[in-house]
Amino acid sequence: MSQLQPARGTQDLLPDEMRRHRMVVETARRVAERYGFAEMATPIFEFTEVFARPIGETTDIVSKEMYTFTDRGGEQVTLRPEATAGIMRAILSNGLTQQAPLKFFYSGPMFRYERPQKGRYRQFHQIDVELVGIAQPQADVEVIAAGARILDELGILSRTELELNTLGDAETRRKYRALLVDYYNQHRAALSEDSLRRLETNPLRILDSKDRGDIAVNAGAPEFHRHLNDASRAFFDGVRRGLDALGIAYKINPRLVRGLDYYTHTAFEFVTRDLGAQGTVMGGGRYDGLIELMGGPAMPGVGWAAGIERLAMLIAEPPRLARPIAVLPVGEASEAAALRLSERLRRAGFTVDQGYSGNLARRLKRANKIDARIALLLGEDELKREAVTVRDLDTGEQSEVPMAGLEDRLARFR
RNA sequence: GCGGGUGUAGCUCAGUUGGUUAGAGCGCCAGAUUGUGAUUCUGGAUGUCGUCGGUUCGAAUCCGAUCACUCGCCCCA
């Protein structure tokens, strides 16, 4: 039995669920292209180094969540846990750094080895947008605006809230981090076990702790916005002015800290209360040092990723696909003619399903089940008269229509 | 990785203090109707009670382990 189950944290996407995924991806692709993001794709696995260094050795993703293995050639490879690092590698591999700005849209599966929950899987799917080569806050604004537009066209923008923060430039972040470490070291006794660990790995994370003791300690912690240097403050103001100008509502969340090491300046998340513990539906920010860290030129970038499963859980039932026409041969003599008729209609752009077997009642029943709009009955009588019987499956009305010019008579069912 | 909850038919679920042939609704199949579905009526099949082991004369029911799902923590999309 266990062998017949999908591996933990993976799932089959049966047609109903797949339709929801498709609606998410197709909406995102359409909107992203309106903003000038071109779709691209990278391999599903890369050399482990591509992810390990930029994401950060101490992050959970690298230290315990990567699907890493040695292939038959002895290479260390990893199933990608996120999209950005692979896209940056592709930019460098293909010498695209000369062509900035680069604007990419991406969608596909990601892999993280962690305990599954609602909205969290070991194989999950993301849509992703990256804008590389623009150092100005307008890039951040455009990226966030594209995200908001996608959520809006999916009909769920009103169920989310945009949280915004800045991590400052590298200098600001380094100095603030040192201040925080000093402060927390003076209050070690009051910190939770998790936060003592965070103090070593990612002290900014302590600010977002849900532990009561930590919350009390955080009340007295140095506040980040007081330690922003002028350049970082000016940048953040620019992002806010841009969002204000577009009428995009946001809430400043000083405790919003992105997990991956490469983020600078802008950090943001669209969050919802409707998904339990996995409230983040779309998250991203600016990563000005990333490409240099990977061995390329100094080149700024900003982007986001959104979880398709999480978005799919929020959207309303997607519209049904085109209702098919059922072509039903009556008796063996008309089977070949029915096949030809189906092909002819498909060539003309109709969605057509054939009745496969059984008597007419059985085939009509099946036509009903696949939600066919009309059935075309083709028996010896019709063959003789070079016509088909068109039966409306919603109303039960039927009439005989000549084969010649049938496409025009059926136009409204295309 | 840590803690809580739940596993009975394809689906949603009932199943008494441990008791003999484990049930309902929906869905599925067949017939009423061999050229007319969706409605109606009649009949039918659902199953390793998640799995393995233990206690017992007897286990869906009690105990243990394990697997899966689920909720929370960690972290993230």
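Computed over heavy atoms, backbone and side chain alike; hydrogens, waters and symmetry mates excluded. In what follows, chains are A, B, ... by sequence order, proteins preceding strands, each numbered from 1.
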**Whichever of A/A7 and A/F270 has its nearest RNA chain B nucleotide further upstream toward 5'** =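 Upstream on the strand: A/A7.
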
**Item:** Comparing A/T389 and A/D394 on RNA chain B - which has the more 5′ nearest nucleotide
**Value:**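 In this pair, the answer is A/T389.
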
**Prompt:** For the side chain of A/R391 and the base of B/G37, is some donor closer than 3.5 Å to an acceptor across the two?
**Reply:**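 For A/R391, whose side chain was compared with the base of B/G37, there is a donor-acceptor pair (under 3.5 Å).
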
**Item:** Polar pair under 3.5 Å, donor/acceptor by atom type, side chain A/E382, base B/G35
**Value:**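 Such a pair is found, so the answer is yes.
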
**Prompt:** Looking at residues at least two apart in the chain, or sitting in another chain, which of them share a side-chain contact (heavy atoms from CB on, under 4.5 Å) with A/Q186?
**Reply:**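 If we apply the side-chain contact (heavy atoms from CB on, under 4.5 Å) test to A/Q186, skipping adjacent residues, there are no hits.
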
**Prompt:** With sequence neighbours left out, what residues match A/D182 under side-chain contact (heavy atoms from CB on, under 4.5 Å)?
**Reply:**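 Result, side-chain contact (heavy atoms from CB on, under 4.5 Å) vs A/D182: none returned.
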
Partners of [X] by salt bridge (charged side-chain N to carboxylate O under 4.0 Å, His left out), sequence neighbours excluded?
X      : value
A/E46  : A/R89
A/E163 : A/K251
A/D394 : A/R323, A/R373
A/R188 : none

**Request:** Under 3.5 Å for both distances, Watson-Crick or G-U wobble, that's the pair rule; now give the dot-bracket for RNA chain B, with | marking pairs to another strand and [ ] for crossing ones.
**Result:** (((((((..((((.....[...)))).(((((.......))))).....(((((..]....))))))))))))....

**Request:** Return no unless some side-chain N or O of A/R8 is found under 4.0 Å from OP1 or OP2 of B/C69.
**Result:**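 Yes, within the criterion.
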
**N or O in side chain of A/K369 less than 4.0 angstrom from B/A38 OP1/OP2** =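 No.
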
**Message:** Less than 3.5 Å apart, any donor N or O on the side chain of A/T266 or A/D140 sitting next to an acceptor on the other?
**Reply:**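 The answer is yes; a qualifying pair exists.
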
**Asked** Would A/E75 and A/T70 count as having a side-chain donor-acceptor pair, cut-off 3.5 Å?
**Response**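 Result is no, nothing qualifies.
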
**Message:** Using salt bridge (Lys or Arg N to Asp or Glu O under 4.0 Å), reason through A/R385 and A/E400 one step at a time and then give a plain yes or no.
**Reply:** CA-CA 10 Å; A/R385 293 193 286 269; A/E400 200 168 277; 2.7 Å; yes

Report which part of the nucleic acid [X] touches: base, sugar-phosphate, or nothing (heavy-atom distance under 4.0 Å, all strands).
X      : answer
A/G9   : sugar-phosphate
A/A367 : nothing
A/M110 : nothing

**Request:** Would you list the pairs meeting ring pair (Phe, Tyr, Trp, His ring centres under 6.0 Å) in which at least one residue belongs to residues 25-47 of chain A, sequence neighbours left out?
**Result:**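 Qualifying pairs, neighbours excluded: none.
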
**Prompt:** Near A/E380 CD, under 6.0 Å, is it more than 12 heavy atoms from other residues, nucleotides or ligands?
**Reply:**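 Result for CD/A/E380: open.
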
**Prompt:** Taking RNA chain B as the partner, which of residues 184-198 of chain A come within under 4.0 angstrom of it by heavy atom?
**Reply:**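 Going residue by residue through residues 184-198 of chain A, the ones with a heavy atom under 4.0 Å of RNA chain B turn out to be A/D194, A/R197, A/R198.
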
**Asked** Counting distance only, does the side-chain N/O of A/R122 pair as donor-acceptor with the main-chain N or O of A/F111 below 3.5 Å?
**Response**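 Judged by distance alone, no pair lies under 3.5 Å.
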
**Asked** Listed by chain and number, what are the ring pair (Phe, Tyr, Trp, His ring centres under 6.0 Å) partners of A/H225, not counting sequence neighbours?
**Response**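 Scan of A/H225 (ring pair (Phe, Tyr, Trp, His ring centres under 6.0 Å), adjacent residues dropped) gives none.
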
Pull out every protein N or O sitting under 3.5 Å from an N or O of nucleotides 1-3 of chain B, one pair per line with the distance.
| residue | atom | partner | partner atom | Å |
| --- | --- | --- | --- | --- |
| B/C2 | N4 | A/R115 | NH1 | 2.9 |
| B/G3 | O6 | A/R115 | NH2 | 3.2 |

Nucleotide N/O of nucleotides 30-32 of chain B paired with protein N/O under 3.5 Å:
| residue | atom | partner | partner atom | Å |
| --- | --- | --- | --- | --- |
| B/A30 | OP1 | A/R362 | NH1 | 3.1 |

